[in-house]
Amino acid sequence: MFFQKKRCIAMLLAGGQGSRLKVLTENTAKPAVPFGGKYRIIDFPLSNCVNSGIDTVGILTQYQPLELNEYIGNGQPWGLNKTHSCAQVLPPYERHDKKSGWYKGTANAIYQNIAFIERYDPEYVVILSGDHIYKMDYAAMVDYHEKHNASCTLAVRSVPLKEASRFGTLNTNPDGSIYEFEEKPKVPKSTNASMGIYVFNWPVLREALIADEDDEASSNDFGKNIIPNLLSQGHKMMAYNFDGYWKDVGTIDSLWEANMELLGKNPAFDIRGDEHSKIYARNSALPSSYIDEAAKTVGCFIAEGSEIYGTVRNSIISTGCSVGKDALVENSVVMPGVVIESGAIVRHAILGENSRICRNAVVGGAYSSKDKMTISVTSKGAVLEENAVLQPGEML
Amino acid sequence: MNVTGIVFANDASLGSLTNSRTMASLPYGGRYRLIDFHLSNMVAAGVRHVGIVSRHNYQSLINHIGSGEEWGLELEEGGLEFLTPYALSATDIYRGKLDALSNVAEFFRNIPDDGYVIMADSSVLCNIDFTDLLESHIASGKDITVVTKDGIADGKKVLDLALKLDKKGEIVDIAVDYVADASYQASMDIFVLGVSFLRNKIREFIARNLFHMDRDLVLGLWQKGQLSINVYPFRGVALYNDTVEEYFHNSLALIDKEVRDDLFDHNHSVFTRVRDRVPSYYGENCQVDNSIVADGCILEGEVKNSVLFRDVQIREGAEVENCVIMNDSVVGEGAQLRYVILDKDVTVRAGAQLIGSAKNPIILTRGESV
């Protein structure tokens, strides 16, 4: 088989469980978690790739991949199903040597798929993760990388000092080259955080992956091993500053917040954008939404295929939902296919896909602006019985 | 069993709405084109070879259909074929379906003799089970099956083809281009025929300069006792779009839950071209009642009894009532619209007033600015 040589391909790490999303990722991988009414988290890096002219994407899956695999399919929604483009799902597999098995870490996942990358003989490989909501032109980052003749370039943003220890932090020289990198430092020396987006010269990465695999003490992780090792070997590593919207949606609170940040006349994150920054998603064949006479819909996103008879305020209603008469949905994220029956009240909640809130049931609580809110969550397909109550912060 | 579908794109006209598009590509229901319904009906019944007959104005239709991917019809074998007039008949005047079909002989040549053809017009909207229709046709052993609908004939509407049945279900009269009374059933312009029968009839009729499906084939042969007809009465919702008034009425009919549930039966999706728009945003001061809203809209004003297509913007203070507003149109601050159809990309300036009526909705054509 013949594979066209590519200047640049992307590898998307989508195998993580996302355990901090609790019931939402019990049966599905984090990148497949619904977002923004009609998207899933993975739509953001995938669409960014397409909008950046990267047409070959390897997607590394491991944890609960069924839904994710199904969602990606042949890559058609992102235009990645053409003759010289692909969205290739890469699960762990068995090999003739002993170097196979589950992906032991992010670096090992790429190591096990060296053969996939080699087929395209790329100059650059972009490493991405399926954990963040953002729009970014990777092509500009690759150009920056090339211009500076770097071995590796890390996308970097400034974060509050108290959060810096959750990230890899780094310090740079005035020319943007990195002289110090620490993965999740207890006492951070910098507020420059690595976003987990890397551009590598493929020969450099290839060699580093092979060396890392031979190192039994390594945890086979980009942040812990590959990046620090390359730096200590004297490779030229550049920081690429990105100050656009970027949100980690790894926790219930941050997932809720990121959804809320889509709302408003001038939203923190404008998902709409122009033709060059469009986010693509696999669409379900659903009709337009219906908004009833008795409905009140204010300050909300409503995706297609929904039927609204009740009140929806400051919320995201995803595809194929229904909100019954006299029901109230406030400050909530309602994922696809949810049914909220008449008289039910839903506040400060994330309702998982296809869950059902029966008549007059109550989810979550009301808060004054000073209160610390806790988000109530229903898992996929959960049913909250008639008149039942799901307390603030409770999960079903 | 080999089943081939043929959809007529209907170069019929709804005034300025079809000036630069076929009936088949007329927008409907916020995110559809009329042809989506019959294409989806066919796909749902396992039909994997569909020809779309269109004579002119088909650019918008081709843009919409593309390779047929959205309907699962981008196939190596069969799939979707555009049957446009590569070799026009002697005159450029539309002379009827038989003429149109004789012009696409190549398409017919590749269909097995023992197969069946389902023919449908784009202008009648319905969600119909073509599997059941085919079974009925085959079980009947008749030459042709005509799908009919009760309650359309009202003594006012001109029907392409009307059939009157007696109590035993025998056909007692057939009329063409006729203002029939309520005792008649209206044809839904959906027919099932055997391939070899249809092929032979096309050849015979064209040789005799007869081109019209309803008049020459159905009525003509039946009168001579040379055609056995299976009547298939359709029980679901059938929306005829022969006039602007009907199209306008049918557009707003989607507000009725029964109509919606019938046309968009959950077991049988209606597919259309996907545009990847964001969900619609309902602003802080908007008031939306009794309306159908597609994706990508930004709603800040009042909307009542209306259908909004993708990426429509209703600005603050605007009042929109009983309107059909197509893709990318913008209604400015404080504008008032009643009984108006805005085609795509129309801009209504702030404060403008447009008041039509249910019988004569005001139509603004594509790209207009008022």
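We name chains A, B, ... by the order of the sequence lines, and we start the count at 1 in each one.
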Side chain, backbone, both or neither: which part of [X] has an atom under 4.5 Å from a heavy atom of chain B?
X	result
I279(A)	backbone
K278(A)	side chain
N81(A)	side chain

[atom1]-[atom2] distance between [X] and [Y], expressed to the nearest 0.5 angstrom:
X	Y	atom1	atom2	answer
Q76(A)	E69(B)	CD	CD	4.0 Å
E316(B)	K265(A)	CD	NZ	5.5 Å
I308(A)	S291(B)	CD1	OG	13.0 Å
K257(B)	Y309(A)	NZ	OH	4.5 Å

Item checked: Residues I302(A), Y282(B); criterion side-chain contact (heavy atoms from CB on, under 4.5 Å); working and verdict -> CA-CA 8 Å; I302(A) 301 179; Y282(B) 295 69; 3.5 Å; yes
So for [X], is it side chain, backbone, both, or neither that comes closer than 4.5 Å to the heavy atoms of chain A?
X	answer
D311(B)	side chain
Y32(B)	side chain
R273(B)	neither
L263(B)	neither
V274(B)	side chain
K304(B)	neither
Y281(B)	both
T272(B)	neither

Does [atom1] belonging to [X] count more than 12 external heavy atoms closer than 6.0 Å?
X	atom1	answer
F264(B)	CZ	yes
H268(B)	NE2	yes
R313(A)	CZ	no

Notebook entry, point to check: Among residues 287-296 of chain A, which ones touch chain B with a heavy-atom distance under 4.5 Å?
Noted result: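 Residues in range: P287(A), S288(A), S289(A), Y290(A), I291(A), D292(A), E293(A), A295(A), K296(A).
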Strictly distance-based, threshold 3.5 Å: is any side-chain N or O of [X] a donor or acceptor partner for the main-chain N or O of [Y]?
X	Y	result
K38(A)	D295(B)	no
R272(A)	R277(B)	no
R31(B)	E304(A)	no
D276(B)	A281(A)	yes

Notebook entry, point to check: Among L254(B), N305(B), I298(B), which has the most heavy-atom pairs under 4.5 Å with chain A?
Noted result: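 Winner by heavy-atom pair count: I298(B).
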Margin query: As an exercise: rank N290(B), V270(B), D289(B) by heavy-atom pairs under 4.5 Å with chain A and give me the winner.
Written below: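 The residue among N290(B), V270(B), D289(B) with the greatest pair count is N290(B).
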Margin query: Contact between P279(B) and Y39(A) at the side-chain level, heavy atoms closer than 4.5 Å - yes or no?
Written below: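 A side-chain contact exists here, since the closest heavy-atom pair is under 4.5 Å.
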